[in-house]
Amino acid sequence: MQDRYDPREVERDAQSFWQSHRSFAVTEDRARPKFYCLSMFPYPSGKLHMGHVRNYTIGDVLTRYHRMRGENVLQPMGWDAFGLPAENAAMANGVPPARWTRDNIAYMKRQLQALGFALDWDRELATCDPSYYRWNQWFFTRLFRKGLAYKKTGVVNWDPVDQTVLANEQVIDGRGWRTGALVEKREIPMYFLRITAYAEELLAALDELPGWPERVRLMQKNWIGRSEGVRLAFPYELDGEKKLLWVFTTRADTLAGATFCAVAAEHPIAAWAARRDPKVAAFLEECRRGAFVEAELAQIEKKGLPTGLTCEHPLTGEPIPVWVANYVLMGYGEGAVMAVPAHDERDFDFALRYGLPIKPVIRHPLGDTVPAPWRAEYAEYGTCIHSGKYDGLAYQEAVDAIAADLRAKGLGEKQVQWRLRDWGISRQRYWGCPVPIVHCPACGDVPVPDEQLPVVLPEHLVPDGTGNPLAKMPEFTSTPCPSCGKPARRETDTMDTFVDSSWYFARFACVDNERQMVDERARYWMPVDQYIGGIEHAILHLLYSRFFQRVMRDEKLLEVSEPFTNLLTQGMVLAESFYLETPEGRREWVHPSEVEPQRDAKGRICGGIRRSDRATLAYDGLGTMSKSKNNGVDPQQLIERYGADTARFFVIFASPPTNTLEWSDEGVEGSSRFLKRLWAYCAKFDEPGPIMAEDLARATRFEIHSVLKQANYDLSKHQLNTVASAAMKMLNALERFRGGRNRTTEDGLSILLRLLAPITPHICHTLWRELRFGEDVMKAQWPEPDPKALEQDEIEYVVQVNGKKRGTLVVPKALESREVESMVRASDVVKRYIADLSIRKVIVVPGRLINIVV
RNA sequence: GCCCGGGUGGCGAAACUGGUAGACGCAGGGGACUUAAAAUCCCCAGGCCGCAAGGCCAUGACGGUUCGAGUCCGUCCCUGGGCACCA
């Protein structure tokens with residue numbers, strides 16, 4: 001065996017062993033428990049980033065651990081290959097997205113292979129392959145026929161110069177990223193998936209996902225957002241016609257305090273008002289150019305105008321003015337609200353601003369009045385006042401009574417409202433899965449029949465930023481209607497890439513099936529037993545996948561309802577970012593490795609200096625590594641310099657998987673040092689050494705097995721950083737005894753190598769063979785601590801006086817608490833710290849600690 | 001703004017779900033080896049006071065519960081993620 005650790009050689013040998021033995025190819029095997037371990041597939045952006053390395057190393061550690069436990073483990077890999085960056089790259093370089101994407105896949109695949117992941121590459125898939133996306137299309141047409149996919153208008157960002165739809169990401173400060181033009185909202189027809197039909201089930205089932213982090217379940221719960229309330233109507237008359245303005249409220253108990261109503265800018269009443277009043281029209285125009293994403297919408301100044309319409313209070317018949325306000329969302333509830341300024345903060349601000357009446361109707365903790373400024377107590381539940389017959393009622397009683405009365409008048413009823421909206425999947429973009437619909441002047445929207453699928457996306461096009469190139473391609477758009485055969489137009493919208501990623505995990509089971517979306521094998525492998533991916537996907541991707549899984553279940557394609565039994569959400573890899581503001585106001589992002597950070601008095605980074613030219617840079621804080629901010633650390637250099645095992649060990653050791661990881665290059669060196677030390681220890685393992693004294697052997701054995709016990713516990717909790725620490729502790733324990741193979745060191749080293757094998761598989765593979773422990777460490781049995789090695793005759797108690805540590809006491813193991821107590825009363829510690837004070841109480845925590853209260 | 005996390009030495013972290021705060025590492029200091037350096041090995045190391053024994057202070061801040069709080073409760077500060085067309 002070589003003296004020097006050469007990762008390149010070790011990794012090449014191990015990888016070729018796995019390849020020639022087809023070590024990671026798996027098939028259905030009902031004799032063993034199956035374990036489907038999946039990491040979120042990457043978008044092929046060019047090269048792996050640290051987040052990928054972290055994600056896939058965590059997944060690989062769990063995969064190999066479960067394999068060594070004798071389970072039938074599937075770990076596949078694929079590519080989330082459609083998406084916007086490919087179009088951007090195409091525009092920048094004039095290369096078709098297809099070629100850019102496939103080149104990236106080839107490069108990133110080599111990187112994944114270099115990292116030695118135990119992947120079954122036979123199952124590789126890319127969502128941009130027709131063999132994959134045809135099943136998106138097939139499934140869509142089934143949903144369309146069932147009404148679970150449907151068409152309605154939706155709002156998009158419109159760049160009036162490029163005449164194109166922009167993604168939210170492409171809108172910067174309200175302007176198009178390429179043209180700088182003010183972006184407008186535009187309503188266009190789109191296809192939606194009826195996820196709201198599953199809202200109730202998606203919510204209820206969260207309680208039966210013990211393998212998911214509590215916080216993810218909570219986020220999903222809040223996202224789905226079930227609220228119980230009352231849908232009620234304010235009658236009004238328009239052009240001699242009686243009409244109803246419907247609103248939804250969770251606070252029907254405050255109805256008597258409603259002093260005005262407010263409608264969203266997109267509400268029909270707002271449109272009506274705009275036709276009569278140019279000021280309203282201008283306001284709507286302003287809203288149309290205003291914020292689009294919810295985060296901005298929630299922070300804009302609350303503004304509004306009277307529509308000129310007055311309706312009746314449904315209880316009192318009093319006149320209630322109707323306003324249009326920019327804080328009312330068309331997408332939630334009825335697109336209109338009743339405003340109760342006394343008990344709702346937004347309504348309160350709005351009423352103050354426009355001098356609208358504020359009428360308190362709830363007795364809150366601060367009293368019966370609501371003087372400005374706003375206090376959170378005003379919104380609390382309390383008993384009704386100034387509410388006529390409802391006075392004195394508590395929240396629920398009031399809601400029940402009011403709902404019943406409204407119902408009797410036909411002006412309202414209790415309703416469950418969801419925050420969740422249907423999923424708009426149409427994208428006016430080229431590089432995606434074509435929506436399989438043909439528009440026929442005679443037959444309407446006709447789904448493409450199964451035998452004509454897939455609708456193949458032409459791959460040679462290069463988008464130019466002015467709309468979808470498919471729309472300019474008659475060979476694509478002109479097609480006979482599948483229903484009547486007359487000339488018709490093919491839909492050019494493509495699907496949201498979240499559709500692709502909502503079921504790929506099932507397809508890995510049967511990538512080669514050309515006849516079916518999924519088959520028997522998918523029913524064997526599903527659900528995914530362990531899913532691993534970034535916390536940033538906690539809501540959308542995971543919710544869409546849960547929805548898809550249920551629809552597939554209802555289509556009798558799969559049996560289970562939940563796609564992912566256990567979920568590990570890894571923390572993001574963060575890095576600092578710095579930029580130089582150019583004279584034109586653009587930001588030129590400078591890579592952190594080229595920056596000397598500058599710190600303020602508190603030691604916080606507040607800016608930076610570029611090393612090359614001493615330019616002063618602005619600091620943009622810590623954030624996720626991204627191309628746009630030029631702050632990514634390229635793992636390739638790490639792998640080339642230190643080898644895959646060091647890179648793997650480091651990302652596992654640096655931080656627990658769920659923590660965010662603030663990247664720093666220091667520390668990698670230590671991981672490399674540990675592997676070199678391990679190698680050096682093993683290289684001398686067979687050299688003769690001194691005879692090991694019995695008590696040293698016993699102590700070493702105790703150390704190894706107790707560390708192993710803890711490591712196994714940590715593994716079960718997925719706390720992998722301490723498993724890496726455990727391996728280091730084991731090597732430290734073995735090194736205290738220098739050289740020589742004996743029963744103790746052999747036992748210890750074989751445990752160490754097996755414990756470490758999932759993290760650094762290459763070096764462990766080689767050492768396992770070199771030291772003749774066996775043929776393949778991956779086939780070795782997972783180590784369990786020997787209870788005999790853990791036995792101890794004596795226990796060391798910590799002795800505290802009034803909760804402060806004052807000493808220790810070694811006590812024979814078998815003693816009862818009472819006996820321990822009398823021993824401690826006679827001990828030096830008591831003599832020294834207590835002297836003549838009287839002992840009030842002695843608390844003995846068995847096996848651990850004694851606290852004397854004086 | 002709303003929803004969900006996190007905050008422990010100079011740095012990454014650990015602490016068996018209320019019981020010895022800082023395991024294991026990184027960076028640092030000292031030493032050995034070397035002509036020298038690198039590599040490797042050994043030792044030291046939370047802060048303050050003290051020659052030492054030892055004492056006091058310390059888990060973002062301030063309160064609370066408890067014999068005992070990094071851990072539980074309350075308020076506040078800082079910070080990361082998500083907010084539906086980035087993936």
Side-chain angles (χ1 to χ4, degrees), chain A residues 40 42-43 45 80 82-85 88 154 156-157 165-171 213-216 218-223 225 292-300 327 331 346 419-429 496-498 501 534-541 543-544 569 571-572 574 603-604 621-624 626 628 650 653-656 658-662 664 666-671 673-674 676-677 680 709-710 713-714 719 721-722 724-729 732 796-805 807-808 840-843 845 848-854:
Chain A
M40 290 179 185
Y43 177 77
S45 55
D80 189 12
F82 277 135
L84 197 54
N88 296 341
V156 294
N157 304 305
V165 174
L166 299 178
N168 287 342
E169 195 189 49
Q170 297 171 316
V171 181
E214 177 63 30
R215 65 160 155 161
V216 175
L218 238 184
M219 279 192 261
Q220 292 218 347
K221 187 179 167 192
N222 292 335
W223 184 263
F292 179 71
V293 298
E294 197 191 312
E296 288 168 35
L297 221 48
Q299 285 173 83
I300 54 174
Y327 68 90
R346 286 177 313 181
R419 209 188 75 96
L420 183 68
R421 308 199 293 261
D422 275 342
W423 174 15
I425 59 157
S426 294
R427 297 291 178 271
Q428 298 68 43
R429 271 191 271 284
D496 180 2
T497 57
F498 274 126
S501 56
I535 184 67
E536 69 273 23
H537 294 292
I539 296 176
L540 291 179
H541 163 60
L543 189 62
Y544 291 148
T569 48
M572 317 228 0
L574 306 181
R604 285 190 210 149
L622 264 182
T624 115
S626 72
S628 61
F650 178 67
F653 177 67
S655 184
T658 53
N659 273 27
T660 53
L661 175 57
E662 292 167 31
S664 81
E666 300 142 357
V668 179
E669 203 62 59
S671 302
R673 198 173 300 155
F674 165 66
K676 282 186 214 160
R677 253 177 63 208
K709 186 180 173 193
Q710 182 65 40
Y713 175 79
D714 291 347
Q719 182 161 298
N721 56 324
T722 48
S725 295
M728 287 175 146
K729 287 180 188 173
N732 289 346
E796 191 184 63
Y797 276 81
V798 168
V799 181
Q800 294 183 332
V801 177
N802 285 345
K804 285 195 176 178
K805 183 189 172 185
T808 57
R840 281 178 35 201
K841 202 167 161 191
V842 176
I843 291 154
V845 182
R848 206 167 262 285
L849 169 143
I850 304 150
N851 191 15
I852 303 164
V853 187
V854 297

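A, B, ... follow the sequence lines: proteins, then strands. Residue 1 opens every chain.
With the nearest nucleotide of RNA chain B identified for both A:A298 and A:F498, A:A298 has the one nearer the 5' end.
Using a 4.0 Å heavy-atom distance criterion, A:V853 is classed as a sugar-phosphate-only contact. Backbone-only contact: A:K804 has heavy atoms under 4.0 Å from sugar-phosphate atoms and none from a base.
A side-chain donor-acceptor contact under 3.5 Å links A:T722 and A:D714. A:R840 and A:N802 share no donor-acceptor pair across their side chains, judged by distance under 3.5 Å alone.
For the P atoms, the distance linking B:C73 with B:C78 amounts to 22 Å, nearest Å. Only the P atoms considered, B:A45 is 11 Å distant from B:A23, to the nearest whole Å. Of the C1' atoms belonging to B:C42 and B:G47, the separation is 27 Å, rounded to the nearest Å. Remark: the separation of the C1' atoms in B:G9 and B:A21 is 11 Å, to the nearest Å. The C1' atoms of B:A53 and B:G60 are separated by 35 Å, rounded to the nearest whole Å. On the C1' atoms, B:C62 is 16 Å away from B:A58, given to the nearest whole Å.
Across all strands shown, B:A14 has no partner, as no Watson-Crick or G-U wobble contact with both distances under 3.5 Å is found. Look at B:C48: its Watson-Crick or wobble partner, with both distances under 3.5 angstrom, is B:G55. Across the strands present, B:C41 finds its partner in B:G31; the criterion is a Watson-Crick or G-U wobble pair with both atom distances under 3.5 angstrom. Using the Watson-Crick or G-U wobble rule with both distances under 3.5 Å, B:A36 pairs with nothing in any strand shown. Searching all strands for a Watson-Crick or G-U wobble partner of B:G70 with both distances below 3.5 Å returns nothing. Across the strands present, B:G5 finds its partner in B:U79; the criterion is a Watson-Crick or G-U wobble pair with both atom distances under 3.5 angstrom.
Here the C1' atom of nucleotide B:C83 and the NZ atom of A:K221 are 19 Å apart, to the nearest Å. For the pair A:L849 CG and B:A69 P, the interatomic distance rounds to 12 Å; values are reported in whole Å. When the C1' atom of B:C85 is taken as reference, atom CD of A:E294 falls 15 Å away, rounded to whole Å.
Taking only distance into account, the side chain of A:N851 meets the base of B:C67 through a donor-acceptor pair shorter than 3.5 Å. No hydrogens or angles were tested; on distance alone, a donor-acceptor pair under 3.5 Å links the side chain of A:Q428 to the base of B:C85. Residue A:R429 places a side-chain atom within donor-acceptor reach of the base of B:C85, judged by atom type and a 3.5 Å distance cut-off alone.
Minimum atom distance to the side chain of A:Q719 is reached by B:A15, of the listed B:A15, B:U40, B:G12.
What you find for A:T658 and A:R215 is that their closest heavy atoms are O-NH2, 4.0 Å.
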